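Below: one structure, written as structure tokens.
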Amino acid sequence: MNWDPIILTFQLASVTTFLLFFIALPLGYWLSQTKNKFKPLIETLVSMPLVLPPTVLGFYFLIAFSPGNAFGSWLNEWLGIKLVFSFSGLVIASILYSLPFMVHPIQSGLTNLPTSLHDASTLMGKSKTTTLFKVLLPNCKASLLTGIILSFAHTIGEFGVVLMIGGNIPGETKVASIAIYDEVEALNYNTANVYSLILCVSTFLILLFVYLQNGGSLKKYRR
Amino acid sequence: MIKAHIEKTLKASENPLKIDVKIHVSRGMFASLYGASGAGKTSTLRMISGLLKPDHGLITNHEDLWFDSNKNITKNPKHRNIGYVFQDSALFPNMTVFENLEYALTNKRDTKHLYQLIKLMKLDELCNQKPGTLSGGQKQRVALARALAQKPALLLLDEPLAALDNESRVELQDCLLQVHKTFRLTTLLVSHDIAEILKLSDQVFVMDHGKITQQGSPKTIFTQNSLNENFEITGEISKIERQGIQFCMTVRIQNTSVKIMAKKFEIENLKVGDEILVGTKNFNPFVLKTSD
């Protein structure tokens, strides 16, 4: 059995989650604090991947990143970056596709904290950054963990976006979900079953960890 | 001296509340804002602290201009050096008591001041505990110490004792008086407890629907202006004893018991367990049975 799709899947999920965390953190913080009139618009855009068919997102990425179009051609000629049918393209598409899964828990974790925590820190002369990192984030660890794990698990389960923008290049863009589809097409049900089982078990364990952690069941094992 | 002439319309509720207040508190004074819920007390305190921006007005602290709507000046709350105690204590749950106090220090090396506060507020045994393990009274004691850690000139207290039991409240009131004098603070307390204001304050501002309706010394406002010759309280008789030619009734009123002297004719129809109304009319006491 070829393990490349499984390894690639976890690589993609890891890189996407890592980058997404640093993008979603300032965005989630801003959304939790702002009274800007454009907030509903930004919230709508962030939530779009929740309701759009993944193929729609993948289709527009394909169009945008295609070297035949202005943006894709500019990326290719000036920066030497080819995003269509490449791992980098998959990462960018995955980040946007999983954006609400990271932004929403962070935003809601910060919004649910009592405003007096933020106010108290401000009146002590602390900057917004100090308040965020020393007071707010340490008190919504459960939300941060939920965001990280959900984004990771969601990226593992991607199919439509990956197929549209990444295609099916072994070792480059052929992730587990595509490989399963391929094996079923070729009637290799046993291999498809192994891939599927690995995804089932790994996502089950990841989600179980989140629920145990957020429910406090793992606290007794900590020193 | 803190001077605040501020206006703000709060639109959050169905009926907008227009706050329009003029408050002057001299240096070293302990002043209170008194009024019913929704009178605008907390919002006024938040405007003075800078957490809420007034629509119009002027706020100065001695020579320091904190807010001037005409000149479009708003001093950031983090630069006002205000000690603020919130009703919910607002202790940081991720930090121990010591870390909470240390976080508030303006100068991290000023541990002498930190240990002075710990000793003064009797927090030695709580230092390594997280806020979640503390009682309500302990939390507010830590919150008060934390507000003092940054050596503020102005201390703002937003009903810090409202949710406490009587014993903790009295203990913290004494503590508040002590720190107010020790650190020569100017203090502004939001409270709807007249007894608390009488005990702590030099000056009181009575607020009603966003306006200051009365101001002056608490004794003048709460005793002379409102001395009433009539009062009525209801309670339940828990004991009747003969004392010479009179009878002594022990009456339970909410959580406390009071003893009331009565003549024989007054207790003729009364027995233990009866609900009675005790009152005065034209300074003459009377007892009435209210239950069958």
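A note on names: the letters A, B, ... follow the listed sequences, proteins ahead of strands, and every chain is numbered from 1. Quick caveat, the model's predicted, so the values are computed rather than measured.
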Compare all side-chain heavy atoms of B:Q87 with those of A:S116 and state whether any distance is below 4.5 angstrom. no
Whatever's closer than 4.5 Å to a heavy atom in chain B on A:T115 counts as neither
Might you confirm whether atom NZ of B:K71 has over 12 heavy atoms from other residues, nucleotides or ligands at distances under 6.0 Å? no
Non-hydrogen atoms of A:A120 and B:R146 that approach each other most closely: CB-NH2, 3.6 Å
So does A:Y181 have more than 12 non-hydrogen atoms from other groups sitting under 6.0 Å from OH? no
Proximity breakdown for B:L105 and chain A, heavy-atom pairs closer than 4.5 Å: backbone
Heavy-atom neighbours of A:Y60 OH exceed 12 at 6.0 Å: no
Flag the pair A:L123 / B:R80 as yes when at least one side-chain heavy-atom distance between them is below 4.5 Å, and no otherwise. no
Is the number of heavy atoms from other residues, nucleotides or ligands within 6.0 Å of CE (A:M48) greater than 12? no
Go through the steps to decide whether B:K78 and A:S121 satisfy the test side chain to side chain contact (heavy atoms under 4.5 Å, CB included), and finish with yes or no. CA-CA 8 Å; B:K78 70 181 183 181; A:S121 181; over 6 Å; no
Looking at B:N76, I'd like to know if its CG atom is crowded, meaning that more than 12 non-hydrogen atoms belonging to other residues, nucleotides or ligands lie closer than 6.0 Å. yes
Out of curiosity, A:M124 CE to B:N81 CG, how far, rounded to the nearest 0.5 Å? 12.0 Å
Considering non-hydrogen atoms only, spot the tightest contact between B:F92 and A:L117 and give its length. CE2-O, 3.5 Å
Crowding at NZ, B:K181 (>12 non-hydrogen neighbours, <6.0 Å): no
Any heavy-atom pair between the side chains of A:D119 and B:Y84 that's under 4.5 Å? no
In terms of heavy-atom contacts, does NZ of B:K75 have more than 12 from other residues, nucleotides or ligands at under 6.0 Å? yes
Might you confirm whether atom CG of B:N107 has over 12 heavy atoms from other residues, nucleotides or ligands at distances under 6.0 Å? yes
Measure from NZ or CZ of A:K126 to the centre of the six-membered ring of B:Y103 and say whether it is under 6.0 Å with the direction within 45° of the ring axis. yes
The interface call for A:K141 against chain B, heavy-atom contacts under 4.5 Å, is neither
